[in-house]
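Written below as structure tokens is the structure these notes are about.
These numbers come from the heavy atoms of this one structure, side chains and all, not from hydrogens, waters or symmetry mates. Whatever order the structure lists them in is the order used to number ligands and atoms, beginning at 1. All values derive from a computational prediction rather than experimental measurement.
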Amino acid sequence: MINFQYARATDVADAIRQIAADPVARFIAGGTNLVDLMKYDVEKPLRLIDISRLPLKTVDETANGGVRIGALVPNTDVAYHPLIEKRYPLVSSAILAGASQQLRNMASTGGNLLQRTRCFYFYDVATPCNKREPGSGCSAINGINRINAILGTSEACVATHPSDMCVALAALDATVHVAGPAGTRTIAFADFHRLPGDTPERDTNLRPDELVTAVELPAQGFAANHSYLKIRDRLSYAFALVSVAAGLELEGGRIKQARLALGGVAHKPWRNPDVEASLQGKAPDRQAFAQAADLLLRDARALAHNGFKIDLARRAIIRTLTQAANGTPQIQSSKKIR
Ligand SMILES: Cc1cc2nc3c(=O)[nH]c(=O)nc-3n(C[C@H](O)[C@H](O)[C@H](O)COP(=O)(O)OP(=O)(O)OC[C@H]3O[C@@H](n4cnc5c(N)ncnc54)[C@H](O)[C@@H]3O)c2cc1C
Ligand code: SF4
């Protein structure tokens, strides 16, 4: 491991001052991803700015009926917060489907958004990887690509975004609050993560000198009719091969509003508002859900080893929407033993 300097930020303004003075430094929150990456020599920051004690640790109701989650609220505290459990159970379920209890205790809301891909080659510095070393090539495209993307890929990168929580946040139309030297701004969740294009080294539209301060959820939480389904190789402690976050608003036996996002299939949580609009006014049945699945996966392309994901995603979408429509959400294992 390389030598690095360590400094603790005293408040948000101090954190921004420190990163502006040294844009190649890195913020560290829970450290559950960044420290691993440093151990693997994937990330080599010469300076860490510890933001873990900043006062961004509350979950508050907003004036417009939504909820604002501070960037340093641990994943566990978000998942079990009474407001989130009651009004946004989709977020609780998605968080509890990820990692382990110990990791969720350390992992922060902001860090979860900014965790990096789990592509095998990204972690293996002996192999070319455009995301780790721009211009070096992509080892996954013709390599072991069972876990890689089927949607939104480019010739430069076929990585997926690994977060579970982000799939739920995408479906719920969350907003990300950030602060930087130029002031504060908000980023719609759909615009926060990027597709790889020819700059796969950039995962998000956050600028290097900006700090995520909060995530805001709008009032509609789809609490009555939602489900998060995660398909993975093991029942716990594994990343999604495919995951689905679904929310439905039903009225008079018809779908008034639908939300549908996929994880494990693209460089960002995958959502298509046209597909959601196509469900409006329809009866919540298998035929409508199958049509939505086909539409959402219309542009899916398989690599040599991940063709199974296309059919898996189709079946997972139909099942998750059915669970949401029936008000019988997938129960995550860690919720059962609580
Ligand atoms: C074994 C293992 C299994 C896991 N399984 C899952 C899983 O199944 N599903 C899942 O979703 N996740 C999983 N995770 C990932 C875990 O959720 C993330 O590592 C965690 O959410 C990252 O949060 P952190 O606070 O520890 O981030 P850190 O490691 O501290 O930081 C991660 C990145 O975010 C940046 N950063 C952190 N906070 C901010 C901020 N406020 N503003 C700007 N930049 C910031 C850091 O600079 C760094 O680049 C797993 C992790 C491990 C180690
Ligand atoms: S898919 Fe992306 S992260 Fe994986 S090897 Fe290719 S460039 Fe690197």
Indicate yes or no: does an N/O atom of T32 lie under 3.5 Å from an N/O atom of ligand 1? yes
Is it the case that ligand 1 has an N or O less than 3.5 angstrom from some N or O of A29? yes
Please state which part of [X] comes within less than 4.0 Å of ligand 1, counting heavy atoms only: side chain, backbone, both or neither.
X: A238; answer: backbone
X: L103; answer: side chain
X: D36; answer: side chain
X: P162; answer: backbone
X: Q102; answer: neither
X: N75; answer: side chain

Run L56 and H177 through side chain to side chain contact (heavy atoms under 4.5 Å, CB included) and show every step you take. CA-CA 11 Å; L56 302 171; H177 290 254; over 6 Å; no
How close does the nearest protein non-hydrogen atom get to [atom], and which residue and atom is it?
atom: atom 38 (N) of ligand 1; answer: G111 N, 3.6 Å
atom: atom 15 (C) of ligand 1; answer: Q115 OE1, 3.2 Å
atom: atom 42 (N) of ligand 1; answer: V212 N, 2.9 Å

Check whether any side-chain heavy atom of P284 lies under 4.5 Å from a side-chain heavy atom of L250, and answer yes or no. yes
F289-V275 co-clustered via ILVMFWY side chain contacts under 4.5 Å: yes
R118 to ligand 1, any heavy atom closer than 4.0 Å: yes
Has K230 got any heavy atom lying under 4.0 angstrom from an atom of ligand 1? yes
By the definition salt bridge (Lys or Arg N to Asp or Glu O under 4.0 Å), identify the one residue from R271, K256, K282 that meets it with E276. R271
If we only consider heavy atoms of A156, is any one of them less than 4.0 Å away from an atom in ligand 2? yes
State whether a side-chain donor-acceptor pair under 3.5 Å links [X] with [Y].
X: S227; Y: R319; answer: no
X: H81; Y: K86; answer: no
X: Q18; Y: D22; answer: no
X: Q291; Y: D294; answer: no

What is the ring orientation for H193 with H161, classed by angle as parallel under 30°, tilted 30 to 60°, or perpendicular over 60°? tilted
May I ask which of [options] has a heavy atom nearer to [atom] than the others do?
atom: atom 25 (O) of ligand 1; options: S108, S163, G31; result: S108
atom: atom 43 (C) of ligand 1; options: L56, L114, T109, D164; result: L114
atom: atom 1 (C) of ligand 1; options: F239, Y237, F27; result: Y237
atom: atom 39 (C) of ligand 1; options: D209, I51, V215; result: I51

Are there any protein N/O/S atoms under 2.8 Å from atom 4 (Fe) of ligand 2, and if so, which? C119 SG
Please round to the nearest 0.5 Å and tell me the distance separating atom CZ of R104 and atom CD of Q102. 8.5 Å
Between the CZ atom in R47 and the CZ atom in F4, the distance rounded to the nearest 0.5 Å is 12.0 Å
May I ask you to say whether D311 pairs ionically with R315, meaning some side-chain N is under 4.0 Å from a carboxylate O? yes
If you count the atoms of ligand 1 from 1 in the order shown, which ones are under 4.0 Å from a heavy atom of G30? 24 (P), 25 (O), 26 (O), 30 (O)
